[in-house]
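Naming convention: chains lettered A, B, ... in sequence-line order (proteins, then strands); numbering from 1 in each chain.
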2 protein chains.
Amino acid sequence: MAFQEKLTTHIECESCPIRHRAVCAKCDVDELELLADMKYYRTYDAGQTVIWSGDTMDFVASVVEGIATLSQTMEDGRTQMVGLLLPSDFVGRPGRDEAAYDVVATTRLTMCCFRRKPFEELMENTPHIGQRLLQMTLDELDAAREWMLLLGRKTAREKIASLLAIIARRDATLNLISPKGKVVFDLPLTREAMADYLGLTLETVSRQISALRRDGVIELEGKRHVTVPQMSRLLDETGDDTDGGVFA
Amino acid sequence: MAFQEKLTTHIECESCPIRHRAVCAKCDVDELELLADMKYYRTYDAGQTVIWSGDTMDFVASVVEGIATLSQTMEDGRTQMVGLLLPSDFVGRPGRDEAAYDVVATTRLTMCCFRRKPFEELMENTPHIGQRLLQMTLDELDAAREWMLLLGRKTAREKIASLLAIIARRDATLNLISPKGKVVFDLPLTREAMADYLGLTLETVSRQISALRRDGVIELEGKRHVTVPQMSRLLDETGDDTDGGVFA
DNA sequence: AACCCCACTTGATGTCGATCAAAGCACTGA
DNA sequence: TCAGTGCTTTGATCGACATCAAGTGGGGTT
């Protein structure tokens with residue numbers, strides 16, 4: 001599924017993931033050179049706001065390391081996370097100079113930035129970049145729509161299970177499955193961030209996680225370290241179709 | 001905002017909107033000729049399901065006339081609408097042969113279809129098409145994310161007001177504003193479809209519409225015909241930032 | 001006219017998650 | 001060591017929306 005696809009992508013290039021994600025495998029040396037001239041790195045601390053909605057964006061960027069969130073806030077302070085940025089994900093929009101969302105670093109975050117104008121010119125001359133960006137955007141659209149189903153129709157328990165399943169699945173593909181088929185991972189988000197993502201309050205998130213633990217669906221060590229003894233039991237709680245899953 | 005942008009677009013070409021939306025203003029005669037060879041039209045009745053999620057899609061298409069909905073359904077029948085297709089909107093995805101959503105005609109619907117393989121080849125040779133598609137997809141992503149905020153954080157009343165505002169604004173730009181600044185339009189959706197869009201039940205939709213009528217925010221004639229006496233009052237109910245609106 | 005059908009409205013009641021409030025717990029720095 | 005702070009858990013209560021259950025009313029058919 002799209003949301004999982006997105007989360008399973010990861011860096012394949014030490015120096016700059018944008019080459020792979022935005023320029024694609026077909027990129028040749030000239031393109032790399034072009035990119036090398038325009039790029040610069042920036043690092044942010046956990047909790048720092050990278051971009052405020054409404055800011056002027058004179059760059060586009062790609063996450064190199066760390067996790068960031070995309071979120072929207074209403075006047076009265078209600079906020080909804082609309083995207084999770086993981087390494088290799090793209091930020092910014094060619095052809096628009098105003099940021100539409102807040103971008104907040106969840107962990108220490110390194111981004112590889114490109115000045116927007118030259119990047120746009122590069123896109124004109126290098127069809128692969130545009131094509132790769134189109135594929136990435138379509139994946140994000142699928143992810144957003146999957147999330148709409150979650151926000152609109154799932155119960156709190158299903159929402160939590162879905163989020164855990166996505167994180168577990170991503171980490172599982174990163175070879176963190178323990179010998180006996182258990183999946184173990186650390187939650188990269190606070191309870192509040194999870195609540196903002198799921199359209200819940202942090203208390204409800206906490207209660208539902210406790211409930212899943214009580215019911216033996218997950219095990220908790222500390223506040224962040226999660227063990228999933230049987231992935232299939234977690235998936236049963238998500239409300240999703242589970243056919244054809246790796247963990248069935 | 002993005003969602004409104006999307007809804008204000010309309011056909012600018014009698015024979016085939018895809019030329020304008022997907023090929024963009026820079027398209028030359030050759031591109032038009034190419035498209036002419038591959039396209040064919042299909043018409044559906046209101047209520048008909050055009051595509052089932054999981055179907056093989058050997059075509060991409062563009063809405064010529066009418067309204068369709070994109071929706072996702074869970075095993076137990078809960079459904080969430082994830083997009084509204086209006087004239088000139090694009091359906092389908094280059095590079096994927098399986099439909100990810102149900103597409104249902106809300107009104108009588110005419111689509112202009114292109115066989116997928118030739119369309120993909122055309123995209124390879126004609127960068128403008130890909131660039132236009134990228135812009136459209138980015139707009140849809142913004143719309144989806146705006147909808148995520150609505151689904152996750154808005155109250156039932158705000159959801160209804162937001163939906164009415166979007167429809168009103170679209171129709172207003174289509175010059176349906178009556179002399180005294182009132183906005184008048186017909187709802188293109190049933191209460192149930194609105195509920196599926198907003199993540200509510202049809203009863204709640206009905207009650208909230210009644211409440212807005214009681215409070216004088218809207219006037220109702222029959223079940224579908226709506227008059228908005230003061231757009232600003234409706235906008236106040238949406239919970240959105242209202243700065244810079246045409247109707248302020 | 002009489003009937004049905006379907007979309008819609010309205011009412012009564014129930015429940016899930018929000019809200020308000022108070023601890024608990026790990027970590028920091030003095 | 002101890003207070004201070006931020007994140008989390010848990011409890012009590014409330015309220016918005018869902019659910020269940022009758023109606024209503026317009027449009028079409030016979």
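A heavy atom closer than 4.0 Å to some atom of DNA chain D occurs in A:T190, A:R191, these being the qualifying members of residues 187-196 of chain A. Residues from residues 199-210 of chain A that place a heavy atom under 4.0 Å from any atom of DNA chain C, listed by number: A:G199, A:L200, A:T201, A:E203, A:T204, A:R207.
In this structure the side chain of B:L150 never reaches within 4.5 angstrom of the side chain of B:L163, judged on heavy atoms. Residues B:L141 and B:R145 meet the side-chain proximity criterion, which asks for heavy atoms closer than 4.5 Å. Side chains of A:S53 and A:Q72 form no contact here, defined as non-hydrogen atoms less than 4.5 Å apart. By the 4.5 Å heavy-atom criterion applied to side chains, A:L164 and A:V217 are not counted as neighbours. In this structure, the side chains of B:L212 and B:I160 come closer than 4.5 Å at one or more pairs of heavy atoms. Side-chain contact check for B:R153 versus A:L151: every heavy-atom pair is 4.5 Å or farther apart.
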Which pairs of donor and acceptor atoms, one on a side chain in residues 43-52 of chain A, lie under 3.5 Å apart (sequence neighbours left out)?
| residue | atom | partner | partner atom | Å |
| --- | --- | --- | --- | --- |
| A:T43 | OG1 | A:T110 | OG1 | 3.4 |
| A:D45 | OD1 | A:R108 | NH1 | 2.3 |
| A:Q48 | OE1 | A:D45 | N | 2.7 |

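The separation between B:L220 atom CG and C:dA7 atom C1' is 14 Å, rounded to whole Å. For A:R153 and C:dG17, the CZ to C1' distance is 16 Å, given to the nearest whole Å.
Of the possible donor and acceptor atoms, none in the side chain of B:D102 sits under 3.5 Å from a partner among the backbone N and O of B:V104. Side-chain N or O atoms of A:S210 include one that pairs as donor or acceptor with a backbone N or O of A:S206 at under 3.5 Å. A side-chain donor-acceptor contact under 3.5 Å links B:D89 to the backbone of B:L86. No donor-acceptor distance shorter than 3.5 angstrom exists from the side chain of B:W147 to the backbone of A:A144, with no hydrogens or angles considered.
Phosphate proximity of C:dC8 to B:R224: present, with a side-chain N or O under 4.0 Å from OP1 or OP2.
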task: Encode nucleotides 23-29 of chain C as B, S and - characters from 5' to 3', where the letter depends on protein heavy atoms closer than 4.0 Å: B to the base, S only to sugar-phosphate, - to neither.
output: -B-----
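Under the rule for a side-chain contact (heavy atoms from CB on, under 4.5 Å), the partners of B:T201 that lie at least two apart in sequence or sit in another chain are B:E203, B:T204.
Scanning DNA chain D 5' to 3' for nucleotides with an atom closer than 4.0 angstrom to a non-hydrogen atom of chain A gives a first and last hit of D:dC7 to D:dA12.
More than 12 heavy atoms of other shown residues, nucleotides or ligands fall within 6.0 angstrom of atom CZ in A:R224.
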